[in-house]
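Reading through the C-alpha cells given below for one structure.
Everything numeric here is computed off the predicted structure, so don't read it as measured data.
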Protein chains: 2
Amino acid sequence: MRILIVEDEAKTGDYLKQGLTEAGYVVDLARDGMDGLHLALTGDYDLVILDVMLPGLNGWQLLEAVRRNGRELPVLFLTARDQVEDRVKGLELGADDYLVKPFAFAELLARVRTLFRRGRNGTEPTTLTVADLELDLLRRRVTRSSRRIDLTAKEFSLLELLLRRQGEVLPRSLIASQVWDMNFDSDTNVIEVAVRRLRAKVDDPFEPKLIRTVRGMGYVLEAPDAA
Amino acid sequence: MRILIVEDEAKTGDYLKQGLTEAGYVVDLARDGMDGLHLALTGDYDLVILDVMLPGLNGWQLLEAVRRNGRELPVLFLTARDQVEDRVKGLELGADDYLVKPFAFAELLARVRTLFRRGRNGTEPTTLTVADLELDLLRRRVTRSSRRIDLTAKEFSLLELLLRRQGEVLPRSLIASQVWDMNFDSDTNVIEVAVRRLRAKVDDPFEPKLIRTVRGMGYVLEAPDAA
DNA sequence: GGCGCGCGATGCGCATTCTGATCGTCGAAG
DNA sequence: CTTCGACGATCAGAATGCGCATCGCGCGCC
C-alpha cells in the first residue's frame with residue numbers, strides 16, 4: 001500500500017509521513033506541487049494525500065493534471081478551514097474525500113482506510129445516507145425522496161456532520177467547533193438557527209422527521225424506529 | 001480504564017484527579033512534563049489528559065515524544081483560551097480532542113468518554129444495563145422491558161452515574177459533584193427530588209425496584225437478587 | 001450600485017428543574 | 001412496646017434557562 005503525500009509545510013508533512021509509516025503504509029513525501037505531480041505520474045501509488053495550498057502548482061491544478069493523464073488515483077484533500085471554495089473545486093475535479101485542517105490523526109487514518117476499501121471494490125459513490133435522505137460529497141448534492149435539495153455551505157457542513165455521526169447525540173459544543181471554528185460562546189444561538197434552516201429544507205416537507213432535538217444535550221440525526 | 005493527567009497547577013490537577021476517580025477511573029497525576037513523559041511511556045494508560053503549559057517539557061513536546069515511540073495513546077489537550085495556536089499544533093500532532101480552560105467538569109467527562117468509545121473501539125461500552133433496564137449512551141435512550149422511556153438531561157445523567165457504579169452506594173456528595181457541578185450545600189434537597197422523578201419513570205411502573213435508598217449513606221442501583 | 005440570499009442577533013413560550021413546606025418512615029432508647 | 005428524633009419522600013408552585021420563530025444586516029452576485 002503506497003501513499004504519496006504532497007505537503008509543503010515541513011512539520012505537517014513529516015508528521016503525516018511518520019504516522020502513516022507507523023500505521024504500516026509505504027509513504028513518500030513531496031514538498032511542492034511540481035515534485036508531487038512528477039511522483040504521482042511516475043510512482044505507482046495507491047493513494048495521494050494532497051494539500052491545497054502548495055508553492056508552484058496548487059492542489060487542484062495538480063489533481064487536474066493527474067486526471068488529464070487518465071489516472072484513476074484516489075485523492076484525499078487537505079484544506080484549511082477557510083478554503084471551502086477550494087475544497088469544492090477539488091471535489092468537483094474528482095477528489096475522493098477531503099479533510100479540514102486541523103484534524104485528528106485518527107480521523108485521517110479512518111478516511112485513508114475507507115479510500116483503500118473503496119479502491120479495491122471499484123469506486124463506490126461517496127455518499128452518506130439515512131432513510132430516504134442522501135448526501136453526495138463529490139457533487140455536493142443532497143436529495144430526499146429523490147427530490148433535489150439545495151443547501152448552503154454551512155447547512156451542508158452541518159448535515160454532513162450529523163450524517164457522519166448519525167445515531168449519536170452531538171453536543172452543541174462539538175457542533176460549534178466542527179462546523180464553525182468557534183469555542184462555543186454560549187451567548188449565541190447560531191446553532192439553533194442553523195438547525196432550523198436545515199430542518200426547513202430537509203425535514204419540514206417530509207416524513208418522517210430525521211433531526212431530533214435532545215433537550216439540554218444536542219441534536220441527533222437518525223431514522224426513528226418503532227418502540 | 002487508566003487515565004494519566006499531566007498538569008502542573010496543583011489545584012486543577014487535584015480537582016481533575018478527584019473528579020475522574022469518583023467517576024470510576026484509575027487516575028495517575030504527573031506534575032511536570034518529564035514525569036509525565038516517563039509515566040506515559042512506562043505505565044499502561046488508556047488516555048492522557050495533557051496541559052499545554054508545563055514546566056520542563058511542554059504539552060506538545062511531550063505528545064511528540066510519545067508519538068515517536070509509536071504509542072497510539074488517545075490524547076486530550078487542555079489549553080487556555082488565548083492559546084488557539086497551541087491547540088492547532090496539538091491537533092496536527094495527533095491530539096484527539098481539546099478543551100478550552102476553564103471548562104465544566106461534565107464537559108470533560110463527556111469528552112473522555114467519547115475518546116474511550118472511539119479510540120478503543122468499544123472497550124468502553126456504549127450501553128449500560130442492569131436487569132431489564134438498558135441505557136444507550138450514544139442515542140441517549142433508555143428502555144426497560146423493551147419499553148422506551150424518555151428522560152430529561154438531569155435524569156439521564158443521574159441514571160448514568162448510578163448504572164456506571166451499580167452495586168455501589170453513592171453518597172449524596174458524590175452525586176452532587178458529578179451530576180450537578182456543585183459542592184453539596186446540605187440545605188437543599190435537589191437530589192431527593194431528582195431521585196424521585198427518576199424513580200417515577202424507571203421504577204414505579206415496573207418490578208423489581210432497582211433504585212434503593214440506604215439511609216444515612218446514599219443511593220444504590222442494583223438488581224435485588226438473592227444474597 | 002442594487003438586489004437577493006444567507007447569516008447571526010433579539011425576544012417569547014414552555015419544558016425542566018429547583019424551592020420550601022409537609023408528611024411518612026425508620027431506628028433507637030426509655 | 002411506645003415514643004421521639006431525624007432523615008428521606010413527596011408535592012405544588014416558582015424560576016430558570018433552553019429552544020424556536022422572527023427580524024434586520026451584510027456579503028456576494030449580477
Side-chain angles (χ1 to χ4, degrees), chain A residues 81-86 88-89 140 142 149-159 162 169-205 209 211-221, chain B residues 104 106-107 140 142 149-162 169-205 209-221:
Chain A
R81 190 167 294 279
D82 54 357
Q83 297 171 335
V84 180
E85 292 315 308
D86 293 349
V88 174
K89 262 181 199 152
R140 246 184 127 61
V142 176
I149 299 175
D150 283 321
L151 295 186
T152 67
K154 278 268 154 50
E155 290 160 3
F156 190 91
S157 179
L158 174 59
L159 181 59
L162 287 165
V169 176
L170 305 180
R172 311 148 120 263
S173 61
L174 177 83
I175 296 175
S177 67
Q178 295 276 318
V179 178
W180 287 260
D181 199 5
M182 56 159 52
N183 288 324
F184 205 36
D185 300 330
S186 58
D187 52 355
T188 176
N189 72 339
V190 277
I191 294 174
E192 285 92 329
V193 177
V195 169
R196 173 77 205 93
R197 274 198 297 271
L198 184 59
R199 275 176 166 155
K201 290 184 179 176
V202 308
D203 256 356
D204 285 358
K209 307 307 179 197
I211 301 173
R212 187 161 61 87
T213 303
V214 183
R215 217 190 149 81
M217 306 267 66
Y219 298 93
V220 214
L221 181 138
Chain B
E107 177 79 346
R140 296 238 153 216
V142 176
I149 299 176
D150 282 322
L151 295 186
T152 67
K154 276 268 150 53
E155 290 159 4
F156 189 94
S157 178
L158 174 59
L159 180 59
E160 182 186 347
L161 176 62
L162 287 165
V169 178
L170 306 179
R172 290 144 190 292
S173 59
L174 188 145
I175 296 175
S177 67
Q178 293 276 325
V179 178
W180 287 260
D181 230 341
M182 67 157 148
N183 290 329
F184 206 33
D185 302 331
S186 58
D187 53 354
T188 175
N189 71 339
V190 277
I191 293 176
E192 284 90 336
V193 175
V195 169
R196 174 77 207 94
R197 282 199 313 265
L198 184 58
R199 276 176 165 155
K201 290 185 179 176
V202 307
D203 257 356
D204 285 359
K209 308 306 180 197
L210 300 174
I211 301 173
R212 192 159 57 84
T213 304
V214 182
R215 227 186 141 77
M217 306 263 87
Y219 298 93
V220 213
L221 180 138

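- A straight line from CD1 of I211(A) to C1' of dC20(D) spans 14 Å, rounded to a whole angstrom.
- Candidate nucleotides dC20(D), dA9(C), dA9(D) were compared by shortest atom distance to the side chain of R199(B), and dA9(D) ranks first.
- Separating the CD1 atom of I191(A) from the P atom of dG6(C) is a distance of 20 Å, rounded to the nearest angstrom.
- Side-chain proximity of T213(A) to dG19(D), dA9(C), dC26(C): nearest is dG19(D).
- In this structure, L174(A) CG and I191(A) CD1 are separated by 9.0 Å, a value rounded to the nearest 0.5 Å.
- Shown here for D204(B) and R196(B), the closest heavy-atom pair between the two residues is OD2-NH2, 3.0 Å.
- At a threshold of 4.0 angstrom between heavy atoms, the contacts of A153(B) are confined to the sugar-phosphate backbone, with no base atom among them.
- The distance from atom CG of L198(B) to atom P of dT16(C) is 14 Å, rounded to the nearest whole Å.
- The CG atom of L198(A) lies 13.5 Å from the NZ atom of K154(A); values are rounded to the nearest 0.5 Å.
- A sub-4.0 Å separation between OP1 or OP2 of dG19(D) and a side-chain N or O of R172(A) is present.
- Looking at N189(B), its side chain has no donor and acceptor atom pair within 3.5 Å of the base of dT19(C).
- With dG8(D), dT10(D), dG17(D) as the candidates, the nucleotide lying closest to the side chain of R196(B) is dT10(D).
- In this structure, the CD atom of E192(A) is 13 Å from the P atom of dG8(C), given to the nearest Å.
- For Y219(B), no side-chain nitrogen or oxygen approaches OP1 or OP2 of dC7(D) to under 4.0 Å.
- With hydrogens and angles ignored, the 3.5 Å screen pairs a side-chain donor or acceptor of R199(A) with a backbone N or O of I211(A).
- The distance between atom CZ of F156(B) and atom P of dC18(D), rounded to the nearest whole Å, is 19 Å.
- By the 4.5 Å heavy-atom criterion applied to side chains, T152(B) and K201(B) are counted as neighbours.
- For V195(A) and G216(B), each mapped to the nucleotide of DNA chain D holding its nearest heavy atom, the one lying further toward the 5' end belongs to G216(B).
- Note: NZ (K154(A)) to P (dG26(D)) measures 17 Å, nearest angstrom.
- For K209(A) and dG19(D), the NZ to P distance is 20 Å, given to the nearest whole Å.
- Look at CG on L158(B): it is 13 Å from C1' on dT17(C), rounded to the nearest Å.
- Under 4.0 angstrom from either OP1 or OP2 of dT17(C) there lies at least one side-chain N or O belonging to T152(B).
- The side chain of W180(B) places no N or O atom within less than 4.0 Å of a non-bridging phosphate oxygen (OP1 or OP2) of dT17(C).
- Remark: T188(B) is in phosphate contact with dT19(C), judged by side-chain N or O atoms under 4.0 Å from OP1 or OP2.
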